[in-house]
Amino acid sequence: MEKRMDSQDLKLLGKAIDEAKRLGATACDLFAVSAETLETQVRDGRIEKLHRAESRPVGLRVFLGNRSGLAASSDWSAEGLSDLAANAVRLARLMQEDAAAGLPKESPSLPSLPDDAADPKARGFSPEEAMALAKSLEAAALAMDPRVKTTGGTGFAAFRQRVYYLDSRGRAGTYPQSYFSLWTSPVAFEETGAMQTGHWHHTATTFAKLESPEMVAREAVRRTVRRLGARKIASGRVPVIFEAEAAGSLLGHLAGAILGPSLYMKSSFLLESLEKRIFPAGIEILDDPGLAGGLASRPFDGEGMPTAKRAVVEDGVLKSFLLDSYAARRLGSTGTASAGRSPEGAPSASTSNLYMKAGTRTPREIVLSVKRGFYVTELLGMGVNPVTGDYSKGAVGLWIEGGEFAHPVQEMTISGNLKGMFQGIQAVGNDLALRGSIAAPTLLVDEMTLAGT
Amino acid sequence: MKTLFESRFGVTESLLGQALGELVGSGTSEADLYFEYTVSESLSLENGIVRSASHQTRQGMGARCVNDLETGYAFTESLDAEPLLSAARVARSVAERKSAADPVAVKRTGESKGHLYGALPLESFGTLESRVKILQEVDAAARAADPRVVQVMATLACTAKWIQIVDRNGQMLSDMQPMIRLVVNCIAQEGAKRETGAEGVGGRDGLTRVAGEGRHLALAREAARLAVENLSAADAPAGLMTVVLGPGSPGILLHEAIGHGLEADFNRKGTSAFAGRIGQVVASPLCTVIDDGTIPKARGSIHLDDEGTPSSRSILIEKGVLRGYLQDRQNARLLKMPVTGNARRESFEFAPMPRMTATFMLAGEESPTDIIRSVDRGIYFAKFSSGQVDITSGNFVFTSAQACLIEGGKLARPVKNATLTGNGPEILKRVSRVGSDLELDTGIGTCGKAGQMVPVNTGLPTIRVDGVTVGGTARS
């Protein structure tokens, strides 16, 4: 039944392709999503919000030779799809010629994955069950520590979508995705009345793998109360440990520098770094679109190219950029089936599940190895210059004195340059947890500038 | 005359009345149906060619039903009768478990008068050809400005958004909200060194806003100049120092450090560092901070907020004393305070929240040059690229896009990568001088809160702030 509906959807969407060809398009492809969300938030044991939504954005990219145009809407009617084609063709006519424009050269056939390739429980998730999960998360967070008196928000969401890809060469594929998420931001009070919060969440692609409300609450409360009494400390140059969650953001900056557009626009600090050692020997970083349970797993990319696992960094050496077909042609290179896409925009390279392999040392051993240093738990702001790698962010964390946590720290900034920070990694933790689509274990960076008083 | 939503999508007044009947129950405190139809067109230039254009149309309706503290929300992208009624039913079923009321009579209260921005955007955005030409001229001007400019990226986006709000009493209001935005980003290279510079302009206005009197060419040259200037910028120092913030966009300091903390939802829940502090001193007596959604053609301006309340000018801080919060209807009711017209949402997909419009500090009396002259050693921030705040602790951070050292009362060498950090309720107490040169930013700012993006402005006169933590990488 479901399978037949998906093929009907593909056939329906094919009308936009047919219409674009009729209007003179020499090639085109379409990317559509049909999504369903249920989200609830609770506060003080009551439902603060219940949000239900279905959306069906559809985007069409057309080529008139080397000119291209894009149109997007949420109208799947025959009339709506033909308007979509007309708008995309109208824009394409006025664009300038771009020799690199076009669909990928190859046209492999695509899978149509059935509904049970994702967790069917995400479809029509019961609002009562959602509210009960969120309530038990809030209750657990409030019961765990007397200093936690409220939360800035506690919720649960179930999300399901089906992705569709079609092109003018007759290729069509579709796959489902599902996510379940629990989150809370406990607020803890100091005796002075000052407040601290520590957001924590867990997201999984199947309901069975979602952590229990108690587990999420425990970690959220631990992260909140350890911030109580935080103060500013003196400026200086010290070793910095990035807790796993913060370390993941460093990999996010690596990702920004190895994606197609930042390379052909020459706006990456790693422009000249392919085949060079950008991390210490031994560091391995992978992009794995096929990872089971991965939050960014995808059987094919936004241009309908089958995806595969790829070593980005091998033994510290940058081995691969991540490219969509346009970027590959601009760079005279080969595509890596890394096109991310939303119906509203053009395909553009993106990471899938990007992670650094775990090392051998426990986070505790890494902390013990530092005499005086800063253990970063949260970062604030967007202070990274992608062109130069200059890095300067607001930071919250714990001060380390003699290998032990001495007191919490806030209102500090840490600064450096990503190239130096990558090279300066001296220890890699054994605590890799694939909590997001980009993840790293605990990392120790030899020295950064800390600014406070 | 039929409304846009009736003539284009067949949403009649009787259908609206029926939907309201499904939405509103006996315990309902706030409820609305929010209709939106948005058409946007965006062009982008890179590598010397206008290579991509996108056209987007979106329509939908969001139904919201609030029962005291609880909110039910559902939206539909189809404006047909059955999906509309079903969304209304789903929204009510959450917050209000009692049976539905009878249909409600809908009264058209009228279109907004259009006094802040025009109502004919599609023509005033010019033809697609004219917009392509503007981007080509931007590319040429930026490259001609300096031979070290090696890459130019520019985006020109135009949006026309029609909204129609029907509240629980059947009052129907509508508005048309145009928006235009041009952003230019240049990369300059000298040897192996590359740097960026960006500049942009926008507002609720037509094409003249970005290209009238060669404005786009001036923008292109300024982005090029900034990129080239950054090539010779030194690393910023680190530590506690005196800073001077220039007029205009550094007003993001008010937005992050103060504005978010004054949004009524956080204060009603007691999770803002400003909660319960109305009447208290939170800034130096030199500071008066305003949020104003009624500035003609400004990016953050709105005739009506997204609950239908007229936008207004609110005093947040008066001579250092906290006076009020930014309200939507639900929080105003719960806090027993007046609404301020600050309920905003990104689109029909979201329920409204208290948000800022244009947030700025009133001008003082000092000349900007005197303020700079008063600093022996410090940093002058002309432009920030971004900022973020943790509302509960009050901690914030900003990153510079353009800054330089102040030495002996004079602007000296440019520095890059300077970050400024501090605590919201404390930072304005350190303001020691306020200039006479209040400026609004150039109108390209977007504010994110709980996953919703809305257009805003910030503004500031030149101010001096003492003892602020600056993060940089220079070794002392």
Side-chain angles (χ1 to χ4, degrees), chain A residues 43 46-56 68-74 87-88 91 94-98 101 127 150 152 187 194-197 232 235 237 264-267 344-346 380-383 385 387-388 390 392-394 396 410-417 449 451-453, chain B residues 46-47 49-60 69-77 90 94 128-129 132 150-151 153 187 189 194-196 238-240 269-271 273 349 351 385-388 390 392-393 395-399 416-419 421-423 469-473 475:
Chain A
R43 187 177 166 75
R46 295 180 66 176
I47 302 308
E48 185 174 41
K49 180 174 121 180
L50 198 127
H51 188 146
R52 242 201 146 129
E54 284 178 38
S55 63
R56 303 214 296 169
S68 80
L70 280 160
S73 79
S74 52
N87 276 321
L91 292 191
L94 290 165
M95 290 302 99
Q96 292 180 270
E97 297 264 354
D98 183 348
T150 184
V187 177
M195 293 180 285
Q196 293 287 352
T197 184
K232 215 171 187 167
S235 308
R237 291 183 64 83
Y264 69 72
M265 296 304 291
K266 298 196 179 353
S267 60
E344 294 79 18
L380 208 60
M382 284 162 274
N385 182 333
V387 177
T388 59
D390 287 336
S392 183
K393 287 201 177 202
V396 168
Q410 67 179 7
E411 279 185 61
M412 306 293 295
T413 69
I414 53 170
S415 308
N417 183 283
T449 304
T453 60
Chain B
E46 55 180 50
N47 204 39
I49 48 180
V50 182
R51 65 165 279 244
S52 109
S54 68
H55 177 96
Q56 199 181 345
T57 56
R58 299 209 61 194
Q59 75 272 331
L69 295 169
E70 303 184 346
T71 300
Y73 198 84
F75 74 76
T76 167
E77 289 176 336
V90 169
V94 172
L128 195 57
E129 288 90 334
V132 169
V150 293
Q151 190 56 269
M153 292 155 271
I187 298 181
Q189 182 161 3
R194 282 191 307 276
E195 280 289 350
T196 58
L240 268 189
K269 297 173 191 175
T271 54
E349 293 186 31
S385 61
S386 62
Q388 197 183 344
D390 169 347
T392 303
S393 66
N395 296 338
F396 62 77
V397 62
F398 305 97
T399 307
K416 58 175 187 168
N417 196 30
T419 297
T421 187
N423 189 271
T469 298
V470 174
T473 44
R475 288 164 190 265

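Labels below follow one simple rule: chain letters A, B, ... track the order of the sequence lines, proteins then strands, and each chain is numbered from 1.
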Applying side chain to side chain contact (heavy atoms under 4.5 Å, CB included), run through B/Gln151 and A/Met265 and close with a yes or a no. CA-CA 7 Å; B/Gln151 190 56 269; A/Met265 296 304 291; 3.5 Å; yes
Tell me, with the steps shown, if B/Gln59 and A/Ser74 meet side chain to side chain contact (heavy atoms under 4.5 Å, CB included). CA-CA 8 Å; B/Gln59 75 272 331; A/Ser74 52; 4.0 Å; yes
Begin from the C-alpha positions of A/Lys393 and B/Val397 and carry the test side chain to side chain contact (heavy atoms under 4.5 Å, CB included) through to its verdict. CA-CA 7 Å; A/Lys393 287 201 177 202; B/Val397 62; over 6 Å; no
Start with the C-alpha gap between B/Thr419 and A/Ser392, add the side-chain angles, then the distance that decides, and say whether side chain to side chain donor-acceptor pair (under 3.5 Å) holds. CA-CA 6 Å; B/Thr419 297; A/Ser392 183; 2.5 Å; yes
Under the side chain to side chain contact (heavy atoms under 4.5 Å, CB included) rule, what do B/Asn417 and A/Asn385 come out as? Steps first, then yes or no, please. CA-CA 8 Å; B/Asn417 196 30; A/Asn385 182 333; 5.6 Å; no
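Electrostatic pairing of A/Arg46 and B/Glu70 counts as a salt bridge here, judged by a charged N lying under 4.0 Å from a carboxylate O. A salt bridge between A/Glu48 and B/Lys269 is present, with a side-chain N of the basic residue lying under 4.0 Å from a carboxylate O of the acidic one.
Atom CG of B/Asn47 sits about 10.5 Å away from atom CD of A/Gln96, to the nearest 0.5 Å.
Using a 4.5 Å cut-off between heavy atoms, A/Ala53 contacts chain B through both its backbone and its side chain. For chain A, no part of B/Ser385 is nearby; none of its heavy atoms comes within less than 4.5 Å. With a 4.5 angstrom heavy-atom cutoff, B/Thr399 touches chain A only via side-chain atoms. The contact between B/Ile49 and chain A is made by backbone and side chain atoms together, counting heavy-atom distances below 4.5 Å. Proximity to chain A is limited to the backbone of B/Val470, based on heavy atoms less than 4.5 angstrom apart. For B/Phe398, no part lies under 4.5 angstrom from a heavy atom of chain A. Only the side chain of B/Val132 comes within contact range of chain A, judged by heavy atoms closer than 4.5 Å. For A/Thr150, the part lying near chain B is the side chain, with the backbone staying farther off; criterion is any non-hydrogen pair under 4.5 Å. Contacts of A/Ser73 with chain B are made by both backbone and side-chain atoms, with heavy-atom separations under 4.5 Å. If you measure heavy-atom distances from A/Arg43 to chain B, the contacts under 4.5 Å come from the side chain alone.
Between B/Leu128 and A/Leu91 there is a side-chain heavy-atom pair separated by less than 4.5 Å.
When the candidates B/Thr392, B/Asn423, B/Thr271 are compared by the number of heavy-atom contacts under 4.5 Å with chain A, B/Thr392 comes out ahead.
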